[in-house]
Each structure stands twice: as structure tokens, then as C-alpha cells.
Amino acid sequence: MSDRSQNLAGAGHGQARTAGRTEGPGGAGGSTEPAPATFRERLRALPTFGPGLPTLDPATAPPDPATLFLEWIGQAIDAGVPLPHAMTLSTAGASARVTARTVILKDVDASGWWFATSSSSPKGHDLAENPNAALTFLWPALGRQVRIVGPALPADASTSAADFLARSDGSRAAALVGHQSEDLTSRQKYWDAFAGTLAAVQEDPTVLAPAWTAYALAPTSVEFWQASDDRGQTRLRYRAAGRHWEKGLLWP
């Protein structure tokens with residue numbers, strides 16, 4: 001049996017699968033073609049993690065999660081992982097409906113993991129109603145994932161203003177347009193608004209978006225997940241215990 005046939009035969013959850021063949025014009029004796037792969041089969045055929053993955057030794061892990069995180073993201077940067085600072089921010093407001101979107105990590109310090117957004121955006125409203133949030137990093141080239149859970153609290157006005165002014169002209173103009181996630185009747189309406197705010201930013205580099213807010217997620221739990229070449233996994237969780245951290249393993 002070919003490798004392809006073996007893959008297809010084992011593709012289902014307890015369901016027998018075969019490659020399947022379609023008879024050509026000549027009937028049983030004519031040419032045959034493999035049946036098109038199903039979407040499920042195409043997904044299962046995708047590669048996962050490559051060989052040569054780094055390791056995670058819980059016995060030698062540092063006592064605090066920020067130190068290990070900075071090591072890991074530094075290795076992701078050195079390895080050329082695309083957008084290693086991109087992270088999924090998950091929030092749930094008073095309605096308890098969970099939403100997620102990708103934001104950019106700004107810093108990690110004693111206050112927590114920093115990001116910024118408009119307080120008038122949907123995620124800003126969620127955080128005002130319920131500050132508990134989660135951040136997720138995924139670096140597939142290294143077989144690594146980091147999950148961070150805790151309250152995300154807004155910074156003071158001067159910190160938020162400094163973050164906004166450090167952005168590029170285009171980023172500041174996009175934030176000044178506002179109306180995030182509201183219905184848009186035409187793309188031209190947006191481009192016209194963007195052109196106006198870009199001109200305002202270029203004319204006055206000190207202009208601020210009043211609702212722009214920097215947030216620091218202060219973690220109560222940080223989990224590091226490491227895949228391995230033999231498909232085994234390691235999960236190491238740090239949990240806040242007063243001023244210290246408790247380390248422990250989790251079943252993968």
C-alpha cells in the first residue's frame with residue numbers, strides 16, 4: 001500500500017476510509033484516477049511541527065514566568081518566526097460572550113504583559129465590564145505556545161498618550177478614524193476618513209486619540225507548552241501565590 005493510501009485509510013475517527021478510484025471510459029480495464037481528497041483529508045495531510053524542536057526542562061525553568069517568556073520570545077525573534085509579538089487577546093464582557101482578536105505585545109515588565117487599543121472599541125468595552133482576559137502566543141516553527149490569564153487593567157493617561165505617540169503616522173491615523181467594528185456602508189467612506197486623519201497627524205504630530213488606552217495584563221497563571229520531535233508534549237504552568245510563583249506540570 002502506498003503512503004498516500006495509508007494516510008487516507010487512517011484519516012477518519014473510527015471510520016474506514018480508502019483512497020477511492022474512479023473508472024475511466026474503458027470501464028474496469030480503463031484508466032483510473034484517484035478521487036479528490038475531502039477537506040478533512042486535506043487538513044489531516046498538512047504538516048505540523050518540523051524536526052529539531054527545542055526542549056523545555058521544568059527542572060531548570062526559572063522561578064518566574066516573565067523570565068522564561070522573555071527567553072522564549074527572544075529565541076522566536078532570533079529564529080526568524082514571523083510576527084513573534086502577535087498574540088490572541090480573548091475577552092468576555094458582562095454578556096459572558098467570549099471574543100478573540102490579534103493584537104501586538106508592547107512590553108513585559110513588573111506590571112504585566114502590555115498591549116494597547118481604544119477603550120471605545122468592543123474589546124475596550126469588554127475590559128471595562130470584565131477585566132479578566134487571556135493572551136495566547138503560538139510559535140509553530142519552535143513547537144511552542146504560551147497562555148497567559150489575568151486581569152487587564154488600563155494605564156494612566158500619560159502612559160497611554162506616550163504609547164499612541166510612539167506609533168507610526170499610519171497607525172495613529174487608523175486609530176483616530178474610530179468607529180471600530182461599526183457597520184461601514186462603503187470602503188470609500190473609510191478611505192476618505194483615513195485620508196483626513198492622516199493629514200491631521202502629519203500636520204500636528206502631537207494630536208492624540210482621546211480613547212487610546214494602554215493595558216497591562218497582570219498574570220495569575222502562565223502556561224508554557226512545548227512539542228517534541230517524538231510527538232510528546234510538556235506543559236509547565238506558573239500560578240501566582242502572593243508575591244511568588246508556584247510551578248507545576250499539567251497533563252498534555
Side-chain angles (χ1 to χ4, degrees), residues 48-50 52-56 61-62 64-91 98-119 121-124 126-127 131-156 158-177 180-181 201 209 211-227 234-238 240 245:
T48 52
F49 303 116
L53 295 176
T55 59
L56 170 59
D64 66 282
T67 298
L68 182 55
F69 177 83
L70 292 174
E71 290 178 5
W72 274 28
I73 195 170
Q75 290 167 4
I77 294 170
D78 293 342
V81 174
L83 294 174
H85 56 334
M87 57 189 183
T88 300
L89 167 65
S90 301
T91 61
V98 179
T99 58
R101 73 289 283 162
T102 302
V103 297
I104 294 298
L105 176 69
K106 297 299 188 75
D107 198 4
V108 178
D109 61 18
S111 297
W113 274 249
W114 286 87
F115 63 93
T117 188
S118 172
S119 61
S121 68
K123 51 187 173 294
D126 278 356
L127 293 173
N132 294 296
L135 302 172
T136 306
F137 293 84
L138 176 64
W139 302 310
L142 301 177
R144 286 175 168 173
Q145 177 180 257
V146 181
R147 298 197 305 163
I148 307 159
V149 177
L153 303 177
D156 57 55
S158 61
T159 300
S160 296
D163 179 271
F164 185 79
L165 294 176
R167 296 165 67 88
S168 67
D169 288 356
S171 294
R172 281 181 286 150
L176 282 164
V177 169
Q180 190 179 100
S181 298
V201 165
W212 191 256
T213 306
Y215 293 86
L217 188 147
T220 57
S221 174
V222 183
E223 179 188 323
F224 296 83
W225 182 90
Q226 176 68 67
T234 301
R235 288 177 66 189
L236 174 64
R237 181 179 61 188
Y238 291 77
W245 293 92

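If you read the sequence from its start, that first residue is 1, and numbering goes on from there.
- Atom OG of S111 is separated from atom CG of L217 by 11.5 Å, given to the nearest 0.5 angstrom.
- Between F49 and P140, the closest heavy-atom pair is CD2-O, 3.2 Å.
- Atom CD1 of residue I148 and atom CZ of residue F69 lie 5.0 Å apart, to the nearest 0.5 angstrom.
- The closest side-chain heavy-atom distance from L83 to T102 is not below 4.5 Å.
- Annotation: side chain of I73 is in contact with side chain of W139 (closest heavy-atom distance under 4.5 Å).
- Shortest non-hydrogen contact noted between I104 and H85 is CG2-CD2, 3.2 Å.
- Ring geometry, W245 versus Y238: the interplanar angle exceeds 60°, so the pair is classed perpendicular (tilted spans 30 to 60°).
- The side-chain heavy atoms of L89 and W113, taken from C-beta on, include no pair separated by under 4.5 Å.
- In terms of modelled atom types and a separation under 3.5 Å, the side chain of Q180 and the main chain of P122 share no donor-acceptor contact.
- At least one donor-acceptor pair closer than 3.5 Å links the side chain of T220 to the backbone N or O of V149.
- Closest non-hydrogen pair, W212 versus R167, comes out as CZ2-NH1, 3.2 Å.
- Here the closest non-hydrogen pair linking D156 and S158 is OD1-OG, 2.7 Å.
- Residue D107 holds its CG atom at 7.0 Å from CG of L105, rounded to the nearest 0.5 Å.
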> Would T55 and Q226 satisfy side chain to side chain contact (heavy atoms under 4.5 Å, CB included), going step by step from the backbone distance to the final call?
Replying inline: CA-CA 7 Å; T55 59; Q226 176 68 67; 5.5 Å; no
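- Rounding to the nearest 0.5 Å places CG of D163 at 10.5 Å from OG1 of T117.
- Proximity of a side-chain donor or acceptor of S160 to a complementary backbone N or O of A214 within less than 3.5 Å is detected.
- Across L127 and A152, no two heavy atoms sit closer than the pair CD2-CB, 4.0 Å.
- The CG atom of L176 lies 10.0 Å from the OG atom of S118; values are rounded to the nearest 0.5 Å.
- With values rounded to the nearest 0.5 angstrom, T91 atom OG1 is found 3.5 Å from R101 atom CZ.
- Residues K123 and V103 are in side-chain contact: their nearest non-hydrogen atoms beyond the backbone lie under 4.5 Å apart.
- The aromatic ring centres of F137 and W72 sit 6.0 Å or more apart.
- Between A61 and L236, the shortest heavy-atom contact is CB-CD2, 3.6 Å.
- If you check the side chains of S221 and R147, you find no donor sitting under 3.5 Å from an acceptor.
- With contacts defined as side-chain heavy-atom distances shorter than 4.5 Å, the pair L56/F224 qualifies.
- Ring geometry for Y215 versus F115: interplanar angle under 30°, hence parallel rather than tilted (30 to 60°).
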